[in-house]
Participant: 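I'd like to ask you about the structure that follows.
Predicted, not measured: the structure shown is a model, and the values here were computed from it. Just so we're on the same page: letters track the sequence lines, and every chain starts at 1. FYI, side chains are in, hydrogens and waters are out, and symmetry mates aren't considered; it's all heavy atoms of this structure.
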Amino acid sequence: MAETARPWKRRRLSPANGGPRVTTPVHVRVPKEEFDAEPDGGLDATALDRAWYDAGESGAVFGDDAPFADTWADRERENALHQKKMAVRQTVNPKFLQRQKDNDAWESNRMLASSVAQTRDQGYVDFSADNDDIRLHLLVHDLKPPFLDGKTIFTKQLEPISAVRDPQSDMAVFARKGSKVVKERRQQKERQKQAQEATAVTGTALGNVLGVKDEDTDSAAPTNGAPLVKNASSKFADSLKKDTGQSNFSRTKSLREQREYLPAFAVREELLRVIRDNQVTIVVGQTGSGKTTQLTQFLYEDGYAKNGMIGCTQPRRVAAMSVAKRVSEEMEVKLGSTVGYAIRFEDCTSKETAIKYMTDGVLLRESLTNSDLDQYTCIIMDEAHERALNTDVLMGLIKKVLARRRDLKLIVTSATMNAERFSRFYGGAPEFFIPGRTFPVDIQYSRSPNEDYVDSAVRQVLAIHVSQPVGDILVFMTGQEDIECTCELVAERLAQLNDPPKLSILPIYSQMPADLQAKIFDRADPGVRKVIVATNIAETSLTVDGIMYVVDCGFSKLKVYNPRMGMDTLQITPISQANASQRAGRAGRTGPGKAFHLYTERAFRDELYIAQIPEIQRTNLANTVLLLKSLGVRDLLDFDFMDPPPQETITTSLFDLWALGALTNLGELTDLGRKMTSFPMDPPLAKLVIMSSSSGTSACSEEILTIVSMLSVPSVFYRPKERLEESDAAREKFFVHDSDHLTLLTVYQQWVANGMRDGWCTKHFLHPKALHRAREIRQQIADIMKSLSMPLVSCGYDLDIVRQCICSGFYPQAARRKGLGEYINLRTSVSVQLHPTSALFNSGDPPDYVVYHELILTSKEYMSCVTAVDAHWLADLGGVFYSVRENGYGAAGRREVEYSKKAELEEAIRIDRERAKGGEGGGDGVHVGVSKKAVGNGFKKPVGRGSAVVKPTIGRRR
DNA sequence: GAGCACTGC
């Protein structure tokens, strides 16, 4: 590979300064191979490692320039982008050539941001079709709204934040490398498969026969041949319910006795006194202290529910439900009366409700309609130390509410680690400590670093199994593949031992069918030890009794947002010290336990963050920014984030929202944007729904509603490893030519037409759980639409209308065909591929233009969920980015002018209207993050943006 | 020609 040819010293490219970008929502995973495949030439491995990991290390990796590329893949892409740009130069556009002549001109382009018109003249790329018989030119504009002029500061966090504490540390390096045994196993399986295919076609048939009857798989090898989901409905939930209150203690003692036994009960009076004396109290309650169930009852007994409700937020739905149930039992009231809960799709409260448990997302939505949260006298934010996105936003919001409402009490509960941070955030609020009731856990560290965490974990499990007394083992792994490999290896190596003691090996991860998940709660036969190999799901979401040993690999998969690429990446990352303690604590729930960390004590101390980077600093915020805007937060700099999100994340989100038409050129919410906040989903999907019901004769809200719901659930297609061909064939039956979105629509329609039967799903390799959930979501969106008097209309058989509508929401993610199955993103010139599972893959007539739902980065950059569109639609519906010209220059010029004039005109009218109204929020005229100069220019030279207004023109395809 | 931690409205 020509290492030296890489233009390392390129300028930093970012959306804010005109660099490449990909808009939301994209979901990207970085494969481990990416980093192993690094060539030796050019740069040494350490430098590559350093450059790969860390956007936060803005230090000198390559001279004085910041390491513009966050990942190795980024740099590959940027390099490719550079070459593409060069290639584009050779195609016709003289203006573009002129611009490229001097690189400084490109550089200074961002300085011109104050004048959008100029940017428009200079910054477009001409994607003329190479083909002679296609006389169509799609021009791509490089526009920015004036309020994103690159000068305005939106946050106190200017630098990106690294997901790892030290990118050069052993653990960070091991995380990047991944597990060697897993890799070997993957290769081995591929070879086996190839050999099988080569020798006999009947081999697969045999596999199918075996696959069908493996429902009674013995527990020692549960991963080989997961049975088809027969009835995945609610067995998991059942076993969760069964699990609560199953211990000896809860069977023998009355509820009242149990309550009094809790540590929280002993400190009741003192706690109530502190709460009475302070507006905000931080309660440091360890696991088993009873804080979640008791705090609300104490407050209720102390009369706090007389003038309103006591609200208690939870980060997870199951927790909100099960805790509410428990408290209603303790108080001997019917669930839903005095004690109730509210989660998405389910409001189990009534007029009498005094104690309300809910997810934090619900409270956030409530604050949209009642910003002072008047219905509450007291709010408890439970598990705040987890720093979930919604919790963090709520904390900022409530801080403002507290200043307005002196009568409101806030109680934040946290683990020991971050208690002090919360106290500081709320102006030195007192910390109240409730001891926990857990058993001591003996913590052991590895003596030397373990390069392969899967291999080490397997050896540790076997060591425990043959040498330690009875007690079940819980292993923390990173993901499905690691888990399956660990299970198989344990089974294999155990079999090699001479007369080994019995061991039941149980994997668990969230994507596993529910009935298989439930197996981990079954009691093992006498004399059999259980080993559960789990992802993070076992860290907080579910608790298994009887765990005495914990094996912690020290890593987990973490979603990290890369604002520069506008993508999420899923990376294996070292956990934090807080995570490590939490994992270890799982061994001490029912008795004294032991925790084996597969890393050294030094690594624990020096290489791990004390606590994980809060979600708000490592996630796409388009949704959150929209929410805050609609809550009247004009200047994001003013919003009190406990940990502010990085600047680039905010600018990317603002840009995305502007490009969708949710924000004006001044950064204020448009009518469309305000409407979008009513829908609990990603902004592009919300726009889709709105467009689908507001396009008059070309409305198709019935169809779009289904598609959006299907996009909001995990994939409905079930693809068990051992029956790949069969399941693929089943999926292909649903294919709609030219569109994966329409394929999803077909699946849903067929499912309904077949009585929504689980049996039918099984037959066609579909996940019944996902389909049922899609139906729930569909109903909820339909209700919201009804409340906004948006019509539900079907377009009947004219599915072109649906595709146009899809185009109106996803035009920022559009690509043009470059080769067989290969496309390039129109705006970023990044090369993207059709995913082999797409309906468009291997179709005889690949479309020239497509839009896609998300990007997935694995071995290549894949578009997932793709729909063919017409170039005219892109220009009509995505006027911010595209315009079209046809049949040579004469007509072309006219055509383009026609479009941009139309858009400009509409925008001018709109801005005029806005001015007449005196600013859209009807406020004091302070504009979000807009410098005075930019505002002026914004008025003078409105940018052509009619995308949300231009009605789709039907039937323009050749 | 293929890989998805966990939440949430």
Participant: So what does R365(A) hit on the nucleic acid, given a heavy-atom distance under 4.0 Å: a base, only sugar-phosphate, or nothing?
Facilitator: base
Participant: Scan side-chain atoms only and decide if R778(A) and T706(A) contain a donor-acceptor pair under the 3.5 Å cut-off.
Facilitator: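 Yes.
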Participant: Is any side-chain nitrogen or oxygen of R317(A) closer than 4.0 Å to OP1 or OP2 of dC9(B)?
Facilitator: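 True: R317(A) side-chain N/O within range (under 4.0 Å) of dC9(B) OP1/OP2.
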Participant: Could you work out which one of dT7(B), dC9(B), dG1(B) sits closest to the side chain of F841(A)?
Facilitator: dG1(B)
Participant: Sequence neighbours left out, what passes side-chain hydrogen bond (donor to acceptor under 3.5 Å, both in side chains) with T292(A)? Give chain and number order.
Facilitator: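 So T292(A) forms a side-chain hydrogen bond (donor to acceptor under 3.5 Å, both in side chains) with D382(A).
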Participant: Rounded to whole angstrom units, what separation is found between the CE atom of M321(A) and the C1' atom of dT7(B)?
Facilitator: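 The distance from CE of M321(A) to C1' of dT7(B) comes to 15 Å, rounded to the nearest Å.
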Participant: May I ask you to verify if any side-chain N or O of T359(A) is less than 4.0 angstrom from the OP1 or OP2 atom of dT7(B)?
Facilitator: no
Participant: Check every atom of dT7(B), dG8(B), dA5(B) against the side chain of I537(A) and return the nucleotide holding the closest atom.
Facilitator: dT7(B)
Participant: Quick one: I575(A) CD1 to dA5(B) P, roughly how many Å, whole number?
Facilitator: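 Value for this atom pair: 17 Å.
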Participant: Using the closest heavy atom to pick a nucleotide of DNA chain B for each, name whichever of N623(A) or R618(A) lands nearer the 5' end.
Facilitator: R618(A)
Participant: Nearest whole Å is fine: how far is dC9(B) C1' from I781(A) CD1?
Facilitator: 11 Å
Participant: Please report the distance, rounded to the nearest Å, between CD1 in I483(A) and P in dA5(B).
Facilitator: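 Atom CD1 in I483(A) sits about 8 Å away from atom P in dA5(B).
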Participant: Scan Y862(A) against the nucleic acid and name what it touches under 4.0 Å (heavy atoms): base, sugar-phosphate only, or nothing.
Facilitator: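 The answer is sugar-phosphate, as Y862(A) gets under 4.0 Å only of primed atoms, P, OP1 or OP2.
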Participant: Does D728(A) or R344(A) map to a spot on DNA chain B nearer the 5' end, using the closest nucleotide for each?
Facilitator: D728(A)
Participant: Using a 4.0 Å heavy-atom cut-off, does L627(A) contact any base of the nucleic acid, only the sugar-phosphate backbone, or nothing at all?
Facilitator: nothing
Participant: Would you check if the distance from the ring center of F765(A) to the ring center of F717(A) is below 6.0 Å?
Facilitator: no
Participant: Rounded to whole angstrom units, what separation is found between the CD atom of E366(A) and the P atom of dC9(B)?
Facilitator: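 From E366(A) CD to dC9(B) P: 12 Å.
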Participant: For M381(A) and dT7(B), what is the distance between atoms CE and P respectively, to the nearest whole Å?
Facilitator: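 In whole Å, dT7(B) P and M381(A) CE are 19 Å from each other.
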Participant: Which nucleotide in the list dT7(B), dC9(B), dA5(B) gets nearest to the side chain of R316(A)?
Facilitator: dT7(B)
Participant: Does S556(A) put a side-chain nitrogen or oxygen below 4.0 Å from OP1 or OP2 of dA5(B)?
Facilitator: no
Participant: Measure from the side-chain heavy atoms of V362(A) and tell me the nearest of dA5(B), dG1(B), dC9(B).
Facilitator: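 When the side chain of V362(A) is considered, dC9(B) is the closest of dA5(B), dG1(B), dC9(B).
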Participant: Could you tell me how far apart I784(A) (CD1) and dC9(B) (C1') are, to the nearest whole angstrom?
Facilitator: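 Spelled out: CD1 on I784(A) to C1' on dC9(B) is 8 Å.
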Participant: Quick one: list whatever passes salt bridge (charged side-chain N to carboxylate O under 4.0 Å, His left out) with R583(A), sequence neighbours left out.
Facilitator: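 E539(A), D552(A).
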Participant: Can you name the closest pair of heavy atoms from M676(A) and P683(A) and give their distance?
Facilitator: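 For M676(A) and P683(A), the tightest heavy-atom pair comes out as CE-O, 3.3 Å.
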Participant: Could you state the atom-to-atom distance from CD of Q314(A) to P of dC6(B) in whole Å?
Facilitator: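 From Q314(A) CD to dC6(B) P: 20 Å.
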